[in-house]
Amino acid sequence: MSGRHFLQIPGPTNVPDRVLRAIDRAPIDHRGPEFAELGKRCLSGLKRIFQTSGEVVIFTASGTGATEAALVNTLSPGDGVLMVETGHFAWLWNKVAERIGLETTVIETDWRHGADADAINKALREDKDHKIKAVCVVHNETSTGCSTGLPAIRKAIDDAGHPALLIVDSISGLGSLDLQMDKWGLDVVIAGSQKGLMLPPGMAFNGISKKALEAHKTAKLQRSYWDWTDMLAQKDQGFFPFTPATNMLFGVAEVIDMFEEEGFDNVFARHDRLAEATRAAVQAWGLETVCADPKDHSSSLTAVMMPEGHSADALRKVILEHFDLSLGSGLNKLADKVFRIGHLGWVNDLMLMGTLSGVEMGLALAGVPHQRGGCDAAMRVLARA
Ligand code: PLP
């Protein structure tokens, strides 16, 4: 294949050339003065991305590590946690919570909606003894393309008069969808490098509120590598307790500059627009999105349901082989039933149009019943004045 591979899965995403160039250099002494400046620059810039005056810690880990870190740093064995199973990643997070000794209460969903604030409010009102210590919500469920309005979840907790922490997995949200950690009263925000943050995989983050830091002081779950106290001990000097992923941090600094040059509002508006164009294409093809409620549509990815009797994996194979385009697979109970189009991170109009035309040609080649004109519908959205 000549030309560039199209990586349009919902993470890892395309890494901008200037980020690749920033990372492509010799490592430096992680206890030296040049590193100290880099560490401080990354931590303060990340706080602006998380929209918090609280703390941000950086782990060398995939996103799952940071989901575990959020729990072990704030909770004690046997504590109750309220989880909402919005899809595969919420399901996985529940497994993490069970394995480390938390008592989970799970609100089930049909995997076609974001988390329901009313159901959370009801569960918390019933928890008269405040056994539930944390409400865990996935901001953007990458397996379904449904996102959750976080201010409504905060309100549901406050209206129940419940003291639980609000812990949010925004691994595929942060950097693509607006997330105002302080203003929305989020206690821990979990993020990963490889999605909207436009970096390679391998780095994960916890944003930490004052309330979460207070809970950390008495939290008794076993932890060592993940301990926030260790991570925060030398933050003012820009240093880490262990060897950090030095070269990735050069990339983090570059990404912070890129976000600030584009402007956060413009970044979010770009994602909204590309998502709208994608949905226009899906609708014109006569296919259905997994997300069943327009208010929950994710701006970072679109999950599309296959017509009954047709294999999503066979379609993805045809598209990869003919057009060198990678799309996301269906996960867990959506395996082979769904394909996912990532439109998050470093993507522009023509990258999206290349992707959508790859899908439209693939649908024809794979013999999947659909109507033509999806690309045309998307172009009409993108060419709108
Ligand atoms: N949570 C969400 C919402 C995700 O999208 C992912 C990965 O795609 C994870 C958790 C797990 O992250 P990782 O695979 O980096 O461990």
Side-chain angles (χ1 to χ4, degrees), residues 7-15 50 57-72 81 83-100 104 106 109 111-115 134-150 153 166-177 179 186 188-207 225-226 245 248 251-252 271 275 290-291 296-303 326-332 334-335 338-345:
L7 180 69
Q8 297 304 142
I9 61 174
T13 59
N14 296 288
V15 178
F50 280 73
V57 294
I58 307 174
F59 295 109
T60 305
S62 82
T64 307
T67 64
E68 178 169 339
L71 301 176
V72 293
V81 286
M83 319 281 298
V84 190
E85 197 195 282
T86 43
H88 173 70
F89 290 105
W91 177 85
L92 274 182
W93 196 11
N94 182 49
K95 291 264 166 288
V96 173
E98 284 175 351
R99 282 186 188 169
I100 62 177
T104 67
V106 180
T109 80
W111 288 32
R112 299 195 65 183
H113 293 83
V135 175
C136 298
V137 172
V138 176
H139 183 197
N140 186 72
E141 183 45 83
T142 325
S143 61
T144 65
C146 298
S147 59
T148 289
L150 297 172
I153 306 298
L166 175 51
I167 304 183
V168 173
D169 168 352
S170 191
I171 288 174
S172 62
L174 193 81
S176 306
L177 317 181
L179 179 144
L186 314 180
V188 187
V189 172
I190 299 153
S193 53
Q194 76 274 26
K195 310 251 180 196
L197 296 181
M198 308 184 289
L199 291 154
M203 200 176 250
F205 311 88
N206 279 170
Y225 182 72
W226 305 120
M248 283 281 280
V252 171
H271 282 82
V290 174
C291 184
D296 296 342
H297 277 311
S298 163
S299 285
S300 61
L301 77 135
T302 302
S326 290
L327 298 170
S329 61
L331 296 171
N332 200 316
L334 300 178
V338 159
F339 66 93
R340 295 174 298 145
I341 303 170
H343 33 76
L344 71 168

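Indexing begins at 1, ligand by ligand and atom by atom, following the structure's order.
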task = Answer whether the closest heavy-atom distance between the side chains of Phe205 and Leu174 falls below 4.5 Å.
result = no
key: Glu85: partners by side chain to side chain donor-acceptor pair (under 3.5 Å), with sequence neighbours left out   = Trp111
task = For Val137 and Ala115, work out which heavy atoms get closest and say how close.
result = CG1-CB, 4.1 Å
message = His297: which residues meet the ring-ring contact (aromatic ring centres under 6.0 Å, His included) condition with it, sequence neighbours left out?
response = none
request  = Check each protein residue for a heavy atom under 4.0 Å from ligand 1 and list those that pass, ordered by chain and number.
outcome  = Ser62, Gly63, Thr64, Phe89, Val138, Asn140, Thr142, Asp169, Ile171, Gln194, Lys195
task = Might you point out which heavy atoms bring Val338 and Ala303 nearest each other, and give the distance in Å?
result = CG1-CB, 3.9 Å
inquiry  = The criterion is ring-ring contact (aromatic ring centres under 6.0 Å, His included); which residues satisfy it with Phe59, sequence neighbours excluded?
reply    = Trp226
